[in-house]
Amino acid sequence: RIMKFFVIACCFMFLLISLYIDVFAWFFEAINKPAWTEGLTIVPLLALGNIFLGVYYNLSIWYKLTNKNMMGAMITIAGAIITIVLNILLIPKWHYLGAAIATFCCYLFMRVVSYWLGQKHYPVPYARKKLLAYMGMVIILYLLHRGLLWTWDNRGFTIFTATLFLCLFGLFIAKIEKKELQRLPFIGKFIMKI
């Protein structure tokens, strides 16, 4: 349950950051800091990578409970090697985008390996299908939003579609997780009405 709600919270944060990235860019331009907007394109990729890092931290409990701390260290070392190698290969070509890709790949690798080894040594029945569906849905919403903005780049339309997609994801989560959300002290009152 902790993992599921962690991923849901991260998905909302990812959507808030990535769907409203243009609003951040407008703000930076308004305060006369246009140079700050240059790197905003990599923020969604880094945000998604950091979700994977958070999932890895949630998954990492297995090697502590089974007294296999060396496996955790090996996963971390392998992740560091991936980061270093990809940085050497990608930064000269793609600069900070290369570093973002390296970070993303490292965290994805660590998450996948930790889950795979964890299920072998200390199986936990995570809601894997739901977690993958939620993460896949936010990626699709983000890509759909970028595609719509590519066809018509208008400030009002940008904010409208971002808010619409965020609300749609919120309603989707409220419907799917209705029973569990109803048991929460504060949120439960609002979920009863949906």
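- When the side chains of ILVMFWY residues are joined at heavy-atom separations under 4.5 Å, either directly or via intervening members, Met13 and Met135 end up in two distinct hydrophobic clusters.
- For Arg128, there are no salt bridge (charged side-chain N to carboxylate O under 4.0 Å, His left out) partners two or more places apart in sequence or in a different chain.
- Tyr126 has its side chain within reach of Leu59: a pair of non-hydrogen atoms, C-beta onward, lies under 4.5 Å apart.
- Side-chain contact check for Thr158 and Tyr20: no donor-acceptor pair (N or O, by modelled atom type) lies under 3.5 Å.
- Rounded to the nearest 0.5 angstrom, Ile75 CD1 and Ser60 OG are separated by 8.5 Å.
- The shortest distance between side-chain heavy atoms of Tyr134 and Phe172 falls below 4.5 Å.
- The number of heavy-atom neighbours closer than 6.0 Å to CZ of Phe5, taken from other residues, nucleotides and ligands shown, is above 12.
- Residues Arg111 and Tyr107 have side chains not in contact (no heavy-atom distance under 4.5 Å, counting atoms from C-beta outward).
- In plain terms, the two heavy atoms of Phe109 and Gly79 that are nearest each other are CE2-N, 4.2 Å.
- Follow the hydrophobic side-chain contacts under 4.5 Å out from Leu16 and you reach Met137 in the same cluster.
- You'll find the side chain of Phe165 stays beyond 4.5 Å of the side chain of Leu15, heavy atoms only.
- Looking at heavy atoms from C-beta onward, Tyr142 lies in side-chain contact with Phe14 at the 4.5 angstrom threshold.
- Between the Asn67 side chain and the Tyr63 main chain, no donor and acceptor come within less than 3.5 Å of each other.
- Side-chain heavy atoms closer than 4.5 Å link hydrophobic residues (I, L, V, M, F, W, Y) into clusters, and following such links, even through other members, never connects Val55 to Leu132.
- Taking the six-membered ring for Trp and the full ring otherwise, Phe104 and Phe52 have centroids separated by under 6.0 Å.
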List the steps, then state whether salt bridge (charged side-chain N to carboxylate O under 4.0 Å, His left out) holds for Arg146 with Asp22.
CA-CA 10 Å; Arg146 293 316 309 167; Asp22 294 320; 3.0 Å; yes
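- Pairs of residues two or more places apart, or lying in two chains, never qualify as side-chain hydrogen bond (donor to acceptor under 3.5 Å, both in side chains) while including a residue from residues 77-89.
- When all heavy atoms of Leu141 and Leu19 are compared, the pair lying nearest together is O-CD2, 4.2 Å.
- One hydrophobic cluster holds both Ile82 and Trp116 under the rule that ILVMFWY side chains link at heavy-atom gaps under 4.5 Å.
- Among all heavy-atom pairs drawn from Ile176 and Lys130, the shortest one is CG2-CE, 4.0 Å.
- For residues 67-103, no pair satisfies ring pair (Phe, Tyr, Trp, His ring centres under 6.0 Å), with sequence neighbours left out.
- Here the closest non-hydrogen pair linking Lys64 and Asn69 is CA-OD1, 3.6 Å.
- We find the CE-NZ distance between Met74 and Lys68 to be 14.0 Å, quoted to the nearest 0.5 Å.
- Counting heavy atoms from C-beta on, the side chains of Trp62 and Leu117 come closer than 4.5 Å.
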Scan the side chains in residues 25-33 for donor-acceptor partners under 3.5 Å anywhere in the protein, sequence neighbours excluded, and list what turns up.
none

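- Under a 3.5 Å cut-off, the side chain of Asn154 and the backbone N or O of Phe157 do form a donor-acceptor pair.
- Each of Val113, Thr76, Val112 was evaluated against Tyr56; a single residue qualifies, Thr76, per the side-chain contact (heavy atoms from CB on, under 4.5 Å) test.
- Distance check: Cys106 SG to Ile81 CD1 gives 10.5 Å after rounding to the nearest 0.5 Å.
- A continuous path of Ile, Leu, Val, Met, Phe, Trp and Tyr side chains, each step under 4.5 Å between heavy atoms, connects Leu148 with Trp152, placing both in one hydrophobic cluster.
- How far CE of Met3 is from CD1 of Ile8: 12.0 Å, rounded to the nearest 0.5 Å.
- One side chain, Thr161 or His145, offers a donor N or O that lies under 3.5 Å from an acceptor on the other.
- Using a 4.5 Å heavy-atom threshold, the side chains of Leu97 and Thr41 count as separate.
- Listed by chain and residue number, Glu180 satisfy the salt bridge (charged side-chain N to carboxylate O under 4.0 Å, His left out) test with Arg1 (two or more places apart in sequence, or in another chain).
- Residue Leu144 holds its CG atom at 13.5 Å from CD1 of Ile139, rounded to the nearest 0.5 Å.
- Taking both residues in full, the closest heavy atoms of Leu86 and Cys105 are given as CD1-CB, 3.6 Å, listed atom of the first, atom of the second, then distance.
- Grouping Ile, Leu, Val, Met, Phe, Trp and Tyr residues whose side-chain heavy atoms lie under 4.5 Å apart, directly or via other members, places Ile84 in a hydrophobic cluster with Ile88.
- Between Leu45 atom CG and Ser18 atom OG the span is 11.5 Å, to the nearest 0.5 Å.
- A heavy-atom distance below 4.5 Å is not found between the side chains of His121 and Leu65.
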